**Student:** 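Starting off with a structure, shown below.
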Amino acid sequence: MNALTNPVFALYQPESRYDSTGSRAVRVGSLNEWQVEALKKIVGLESLGHNWNSYGSVPPSAWVIGTAIDFICKVPFDNPPMPRIMPVAGGGIQMEWEKGRRELEVEIHPDTTIEVLQAINGRPLNPDEVSSPAPRAAVERLLTWLSVD
Amino acid sequence: MPDQHGENDPTIAAEEPLYLRVFPRADLLVQDHAGYRPASGCFRSQEALSVDLASLSTPEETRDRDKSHPYHIAAFTAGVARAEGCRVTRDPLPENPAHALVYGDHQKGAGALTKGQAKKIAQQARIILLNEGALFINDGQDLNN
């Protein structure tokens with residue numbers, strides 16, 4: 001796996017919290033509609049059970065879900081493409097954006113590593129390159145790259 | 001670093017389809033001009049990717065090996081996987097003689113496909129058994145309760 005542990009992400013305080021009922025609570029007042037929809041998808045993954053994929057995978061961990069929520073909340077744009085959000089085997093979450101010829105994949109792993117893949121016309125750019133972004137700046141950089149014509 | 005994984009099995013022909021169960025969630029499918037293909041996330045794992053050999057299994061048999069969810073079935077060929085640097089080996093199980101493994105990263109880890117390999121293979125794979133009832137489900141809630 002081509003990823004580095006990202007201490008910035010690992011130490012980051014998540015935007016989401018668990019309320020007194022044990023449910024995850026996310027402040028959505030300042031978020032755009034697309035972000036709320038994305039958060040619904042992410043939170044929905046909490047209900048996945050063990051072996052959800054039939055190949056023995058564990059469900060996404062609480063840290064993975066919290067980090068995915070943080071990532072979405074930090075996107076500084078009003079109307080990026082709606083991300084495709086999916087669980088991945090091993091307890092991770094992958095988020096994918098596609099705009100024109102450009103695609104961006106961000107995969108969050110339960111071992112607190114994060115992998116990023118950028119592609120143009122379906123061809124990965126630097127597939128072995130590791131990305132270990134600082135939260136807000138990295139999110140902005142990646143989403144800005146997606147929007148370049 | 002030494003190579004940690006097995007050899008390609010030459011008795012598995014390049015044109016042999018490999019079947020993979022796909023969790024029935026809308027975001028795991030990509031619609032294109034010809035129907036649907038699996039998203040790259042379907043090919044991510046912590047270990048080598050488990051598949052079934054089409055010469056020893058039908059798509060329906062692969063789907064029905066686990067009936068806990070209404071899985072889709074994706075197919076790609078051994079040749080597609082090898083073209084991206086993967087190795088395909090037989091790994092028959094007592095309950096599934098069609099079982100095989102696709103190794104991606106040969107240098108570290110447990111042989112999982114890299115993100116680049118997953119991306120390229122996904123683009124050449126197809127959904128060959130589609131559960132239409134699951135096309136619009138996008139959370140786990142509906143499927144696990």
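Numbered from 1 within each chain, the chains take letters A, B, ... in sequence-line order. Predicted model, so just to flag it, every value in this text is computed and none were measured.
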**Student:** Report yes if some heavy atom in the side chain of K120(B) is under 4.5 Å from a heavy atom in the side chain of P124(A); otherwise report no.
**Tutor:**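 Result yes, sub-4.5 Å side-chain heavy-atom pair found.
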**Student:** Would you say M95(A) ends up clustered with L104(A) if hydrophobic residues are merged whenever their side chains have heavy atoms under 4.5 Å apart, either directly or through other cluster members?
**Tutor:** yes
**Student:** Backbone N or O of G122(A) within a donor-acceptor pair of the Q123(B) side chain at under 3.5 Å?
**Tutor:**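 Pair found, side chain donor or acceptor close to backbone of G122(A).
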**Student:** Work out which heavy atom in Y19(B) is nearest to a heavy atom in Y55(A); give both atom names and the distance.
**Tutor:**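 The answer is O-OH, 4.5 Å.
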**Student:** Under a 4.5 Å side-chain heavy-atom rule over Ile, Leu, Val, Met, Phe, Trp and Tyr, are V58(A) and F23(B) clustered together?
**Tutor:**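 As far as the 4.5 Å side-chain criterion goes, F23(B) and V58(A) are not connected within one cluster.
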**Student:** Has the side chain of R25(B) got a donor or acceptor atom that lies under 3.5 Å from a matching backbone atom of I85(A)?
**Tutor:**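 Yes: the side chain of R25(B) pairs with the backbone of I85(A).
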**Student:** Heavy-atom cut-off 4.5 Å, strictly under: side chain, backbone, both or neither for P83(A) against chain B?
**Tutor:** backbone
**Student:** Would you name the heavy atoms of Y71(B) and N53(A) that are closest together and state the gap between them?
**Tutor:** OH-C, 3.6 Å
**Student:** One pair to check against side-chain contact (heavy atoms from CB on, under 4.5 Å): M86(A) and R44(B). What are the steps and the verdict?
**Tutor:** CA-CA 11 Å; M86(A) 65 196 74; R44(B) 297 290 282 158; over 6 Å; no
**Student:** Go through the steps to decide whether Q94(A) and S40(B) satisfy the test side chain to side chain donor-acceptor pair (under 3.5 Å), and finish with yes or no.
**Tutor:** CA-CA 9 Å; Q94(A) 178 166 303; S40(B) 63; 3.0 Å; yes
**Student:** Could you please spell out the steps behind the side-chain contact (heavy atoms from CB on, under 4.5 Å) verdict for D66(B) and N51(A)?
**Tutor:** CA-CA 10 Å; D66(B) 189 315; N51(A) 195 34; 3.5 Å; yes
**Student:** Sort V30(B) into side chain, backbone, both or neither according to what part of it lies under 4.5 angstrom from a heavy atom of chain A.
**Tutor:**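 Both parts, backbone and side chain.
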**Student:** Above 12 or not: heavy atoms from other molecules or residues under 6.0 Å from CD of E47(B)?
**Tutor:**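 Open: at most 12 neighbouring heavy atoms sit under 6.0 Å from CD of E47(B).
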**Student:** So which of S57(A), P87(A), G92(A) has the largest heavy-atom pair count under 4.5 angstrom toward chain B?
**Tutor:** P87(A)
**Student:** Please test D27(B) against E96(A) for side-chain contact (heavy atoms from CB on, under 4.5 Å), starting from the C-alpha separation and ending with a verdict.
**Tutor:** CA-CA 9 Å; D27(B) 277 359; E96(A) 294 183 20; over 6 Å; no
**Student:** side-chain contact (heavy atoms from CB on, under 4.5 Å), that's the test. Do K119(B) and E103(A) meet it? Break it down for me.
**Tutor:** CA-CA 10 Å; K119(B) 181 85 178 166; E103(A) 296 170 79; 2.5 Å; yes
**Student:** Honestly curious: do I65(A) and V106(A) fall in one hydrophobic cluster under the side-chain, below-4.5 Å linking rule?
**Tutor:** yes
**Student:** Verify the neighbour count for atom CD of E61(B): are there more than 12 heavy atoms of other residues, nucleotides or ligands below 6.0 Å?
**Tutor:**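 Counting other residues, nucleotides and ligands, CD of E61(B) exceeds 12 neighbours.
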**Student:** Should M82(A) and Y36(B) be counted in the same cluster of Ile, Leu, Val, Met, Phe, Trp and Tyr side chains packed under 4.5 Å apart?
**Tutor:** yes
**Student:** Answer with side chain, backbone, both or neither: which region of L20(B) has an atom nearer than 4.5 Å to a non-hydrogen atom of chain A?
**Tutor:** both
**Student:** Group every Ile, Leu, Val, Met, Phe, Trp and Tyr by side-chain heavy-atom contacts under 4.5 Å, then state whether Y103(B) and V51(B) land in the same group.
**Tutor:**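 Different hydrophobic clusters.
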**Student:** Which heavy atom in S45(B) sits nearest to a heavy atom in A89(A), and how many Å separate them?
**Tutor:** CA-CB, 3.8 Å
